[in-house]
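Structure, as structure tokens:
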Amino acid sequence: MSPLDRRQFIKVTAVTGTAAALAACGNPEHQIIRFIPEDDLVPGVATWKPSYCPLCAAGCGVVARVMEGDAEVFRNGQAGVMRMALAKKLEGNPDDPVSRGKLCPRGQAAIQVTYHPDRVAEPLKRAGERGEARFVPIGWDEALAEVVAQLDALAAAGETAGLACVSRPRGPLRAALVARVLEGFGGRAPVAWEAMGDDVLRRANGVSFGSHAMPMVDLADSRYVMAFGADFLGTWHAPVTFGVGYGRMRQGRPGVRGKLVQVEPRMSTTGASADEWVAIRPGTDGVLALGLAHVMLAAGLRQASDAGRAGAAIAGWSEGLSEYTPARVEEITGVAAARVERLARELANHPPAAVLIGGPALAHTNGLFHALAVNALNALLGSVGQPGGLVVPPDVPAPASPAGLASLLEAAPTVLLLDEANPVFDAPPSWRVAERLRAIPFIVSFGSFIDETSAFADLILPDHSFLESWVDAPPAGSDSSPRVAGPVMRPLHRTRSMPDVLLDVSRRLARPLAGLPETFEAFVSAAAPATPASASGPSRARATADAPAAAAWAPPRFDGEAGEFPFHFLPYASQNFLDGSLAHLPWLQEMPDPLTSGMWSSWVEVNPRTAERLGIAQGDIVEVRSAHGVLRAPAVLLPSVGPDAVAMPVGQGHTEFTRYASGRGVNPLAILAPLTDEATGMPAWSATRVQITRAGSGDGSLILFAGATRERPDTHEGR
């Protein structure tokens, strides 16, 4: 596929896509319909309007460059062309405390959500079997009447608890409104599903600090930062914010250059930027953190009482962590004892210092232990709440166990609402999501694209894009108020705002729901300035107490005997696609991976020594087999992966997700074991062992970027 530039993708000309079809064969009845243009358009003059990027949980503030242009639109049931105000480009908002005027490549690509050629442009009704993704257009009134009929039937039967909703994590106000609608009807609390979410860390923060919010680090004022698995410059939490702070940490203070140490079993983008990269055995991060704390305590560099509540959450803390000597730490983690000693003294002697943990480090059966250990180390350093240290925002409720999704599907609700969650693609295979969806009588999707999960829907009621609707983003820093912005352009298609659709349905019921706002705009306008942190929605509802017994080290459990499955399998959030939810955006497919230069494809990262032993060359097809499945993909040889591990980016392998992602690559999540973090129920997606064998020579599916051209791996042997 040829490279795609901005002008090729955002076509604001008169004849593209649907309009071209209307003009087919030159028949007069098929001529393009040109609608009356909008008023108040000033040719050639741009305005900049604020919004928030929805592609990750950070919610970066953006400004959209809006100018006149011709766009394909649906008006009055007809497709045609209209001159209107169109968003042409996104940039970071300099006034936003999260983006600070910057924007990552994913944020730049967010504009493609609005102009995507495969975006669902009007309501659709299922025309085939569940999962076949065969739909036909339907009018909004007819579609809403079907939804109302289903809900009225539930209410008449006294079975309102049969209504359920599964969504991706959303803005706090949107989540709060959806929760109010379901609660008013008597349905189940909504479930937010994110396969590679941060629920383990949120739970640990509740134990250690009394706040379940995600932490930040004041990188700009730090002198020493250590990160356990948290790819904060690439994919974790708020990489734009971290990137700005990291630049200031390294170059923003004359005579002071902070140090970054990255600890992980596979080098991430952040690891590639670090001063020092520390390879560690999977599932042992907390042992190293407590080993560092032990050295500080034993040398009198800190006192055990300095850690307060966070230290009390660790077994043996007040006794000086005597079982975490450097020699013992080396035995468990593989990090040399002398290095443990040195790193501990560097941390203690270079304040302000901070420690982070996230991502793969917490995706183990003992993930909560690792998070609690790092929190205790931060508290011991005195970094919590201090300039240059760890910033823990005001409390939000504890995250519910993600096992709530499995429980919901097992209960087989009668009516299920889907809001862009895609568990058929990214939930553990053992949950049998596709099979359970088939058993649900009525499913409504609000997605803008047909994916593996919305393919099971009876109705698709497409949402506006974020540029066409009111949007809200999480609070930033110590501010407890959500951030809110209005639409920057009119809707292109016959779409409607999902919250407004729910409000409309609520009014049409035989027993209309009371106490709800007229529109989402009204709700946002009234609630935003004073919304409490708990408005982050039911996905953060308290599920368990935050005072478990003091955490003690327990070795991680791995699925698969080491003799039969000798390699740790390390799937990781893709720099381009995160958990796979962005694979439909062609600019991100076209963007080379920063470490491998791979694009438009999947690959398996293998250590060169391992590859030599197994007879695997660059680009060869390898078979990766777990006890739960098998996949094949090309090999990329990288010394940044341990010789006892293989790694794969998550994101490809979609069977249904627009022309750009469908049928491309393989999905590493499909062969994962059904293990979870034992304390929280989060999927332990780093806990699967595999075997790997050479399956054949390269088949051309691996595309590597080389300079200004893309070349096949067989022309760059050993890259």
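Source: prediction; values computed, not measured.
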Checklist entry - Listed by chain and number, what are the salt bridge (charged side-chain N to carboxylate O under 4.0 Å, His left out) partners of Arg432, not counting sequence neighbours? => result Glu435

Item to check | salt bridge (charged side-chain N to carboxylate O under 4.0 Å, His left out) partners of Glu521, counting only residues at least two apart | outcome: none

Item to check | Contact check, side chains of Arg168 and Asp579, non-hydrogen atoms, under 4.5 Å | outcome: yes

Item to check | Worked verdict on Phe442 versus Leu459 for side-chain contact (heavy atoms from CB on, under 4.5 Å) | outcome: CA-CA 8 Å; Phe442 193 72; Leu459 289 176; 3.7 Å; yes

Item to check | Residues that Asn576 engages under side-chain contact (heavy atoms from CB on, under 4.5 Å), provided they are two or more places apart | outcome: Ser574, Leu588, Met591

Item to check | Pairs involving residues 142-167, ordered by first then second residue, that meet side-chain hydrogen bond (donor to acceptor under 3.5 Å, both in side chains) (sequence neighbours left out) | outcome: Lys125-Glu146

Next on the checklist: Once side chain to side chain donor-acceptor pair (under 3.5 Å) is applied, do any residues pair with Arg126, and if so which ones, sequence neighbours excluded?
Outcome noted: Asp458

Item to check | Side chain to side chain, Leu405 and Pro423, heavy atoms closer than 4.5 Å | outcome: yes

Checklist entry - With Met498, which of Leu461, Val178, Leu177 fulfils side-chain contact (heavy atoms from CB on, under 4.5 Å)? => result Val178

Checklist entry - What do the steps show when you test Asp118 against Phe657 for side-chain contact (heavy atoms from CB on, under 4.5 Å), and what is the final call? => result CA-CA 9 Å; Asp118 295 336; Phe657 199 26; over 6 Å; no

Next on the checklist: Quick one, Phe466 and Ser51 - any side-chain contact, counting heavy atoms below 4.5 Å?
Outcome noted: yes

Next on the checklist: Once rounded to the nearest 0.5 Å, what's the spacing between atom CD1 of Ile443 and atom CD1 of Ile460?
Outcome noted: 11.0 Å

Next on the checklist: Nearest 0.5 angstrom please: Phe209 CZ to Leu390 CG, how far?
Outcome noted: 5.5 Å

Item to check | Atom pair CG/CZ of Leu173 and Phe523 - distance to nearest 0.5 Å | outcome: 6.0 Å

Checklist outcome for this item: Sorted by chain and residue number, the side-chain contact (heavy atoms from CB on, under 4.5 Å) partners of Glu468 (sequence neighbours excluded) come out as Thr114, Arg119, His464, Ser465, Met489, Pro491, Leu492, Thr495

Next on the checklist: As an exercise, state the distance from CZ of Phe425 to NE2 of His654, rounded to the nearest 0.5 Å.
Outcome noted: 3.5 Å

Item to check | Stepwise side-chain contact (heavy atoms from CB on, under 4.5 Å) check, Val240 with Val98 | outcome: CA-CA 7 Å; Val240 173; Val98 174; 5.9 Å; no

Next on the checklist: Under the rule for salt bridge (charged side-chain N to carboxylate O under 4.0 Å, His left out), what residues qualify as partners of Asp677, not counting sequence neighbours?
Outcome noted: none

Next on the checklist: The test is side-chain contact (heavy atoms from CB on, under 4.5 Å); show your working for Val113 and Phe449 and say whether it passes.
Outcome noted: CA-CA 9 Å; Val113 171; Phe449 301 93; 4.2 Å; yes

Checklist entry - Do any N or O atoms from the side chain of Trp140 and from the backbone of Arg494 form a donor-acceptor pair under 3.5 angstrom? => result yes

Checklist entry - Which pairs with one or both residues in residues 175-191 pass salt bridge (Lys or Arg N to Asp or Glu O under 4.0 Å), sequence neighbours excluded? => result none

Checklist entry - Is there a side-chain contact between Val207 and Leu368 (heavy atoms, below 4.5 Å)? => result no

Checklist entry - Side chains of Val524 and Val471: closer than 4.5 Å at any heavy-atom pair? => result no

Checklist entry - Between Pro172 and Asp472, what is the shortest heavy-atom contact and its length? => result N-OD2, 3.0 Å

Next on the checklist: Can you confirm whether Ile671 sits close enough to Phe569 that some side-chain heavy atom of one is under 4.5 Å from a side-chain heavy atom of the other?
Outcome noted: yes

Checklist entry - So, the side chain of Gln652 versus the backbone of Ala583: is there a donor-acceptor pair under 3.5 Å, distance only? => result no

Checklist outcome for this item: Result for side-chain contact (heavy atoms from CB on, under 4.5 Å) between Ser626 and one of Leu672, Thr688, Asp559 points to Thr688

Let me have the donor-acceptor pairs involving side chains of residues 509-518, under 3.5 Å, with sequence neighbours excluded, atom names and distances please.
from   : atom 1 : to     : atom 2 : distance (Å)
Arg511 : NH2    : Ala155 : O      : 3.3

Item to check | Minimal non-hydrogen separation, Ser430 against Pro674, with atom names | outcome: OG-CB, 3.0 Å

Next on the checklist: Other residues, nucleotides and ligands only: do more than 12 of their heavy atoms fall within 6.0 Å of CD on Glu129?
Outcome noted: no

Checklist outcome for this item: Correct closest heavy-atom pair for Pro169 and Glu194 would be CG-OE1, 3.5 Å

Next on the checklist: Taking the side chain as everything from C-beta on, heavy atoms only, tell me whether Phe446 gets closer than 4.5 Å to Leu502.
Outcome noted: yes

Item to check | Which atom of Val488 lies closest to which atom of Pro50, heavy atoms considered | outcome: CG1-O, 3.6 Å

Checklist entry - Does a donor on one side chain sit under 3.5 Å from an acceptor on the other, for Asn422 and Thr453? => result yes

Checklist entry - With sequence neighbours excluded, what pairs up with Asp463 under the side chain to side chain donor-acceptor pair (under 3.5 Å) test? => result Arg174

Item to check | side-chain hydrogen bond (donor to acceptor under 3.5 Å, both in side chains) partners of residues 356-373, not counting sequence neighbours, each pair once | outcome: Asn366-His370

Item to check | Atom of Phe520, atom of Asp500 and distance for their closest heavy-atom approach | outcome: N-OD1, 2.7 Å

Checklist entry - Within a strict 4.5 Å, meaning less than it, do heavy atoms of the Leu409 and Val166 side chains meet? => result no

Item to check | Heavy-atom closest contact (Ser454 atom, Ile450 atom, distance) | outcome: OG-CA, 3.2 Å

Checklist entry - Asn375: what forms a side chain to side chain donor-acceptor pair (under 3.5 Å) with it, not counting sequence neighbours? => result Asn205, Ser208

Item to check | Euclidean distance, Arg130 CZ relative to Arg438 CZ, rounded to 0.5 Å | outcome: 9.5 Å

Checklist entry - Can you tell me how far CE of Met682 sits from CG of Leu201, rounded to the nearest 0.5 angstrom? => result 10.5 Å

Checklist entry - According to the interplanar angle, ranging from 0 to 90°, do the rings of Phe242 and Trp236 count as parallel (below 30°), tilted (30 to 60°) or perpendicular (above 60°)? => result parallel

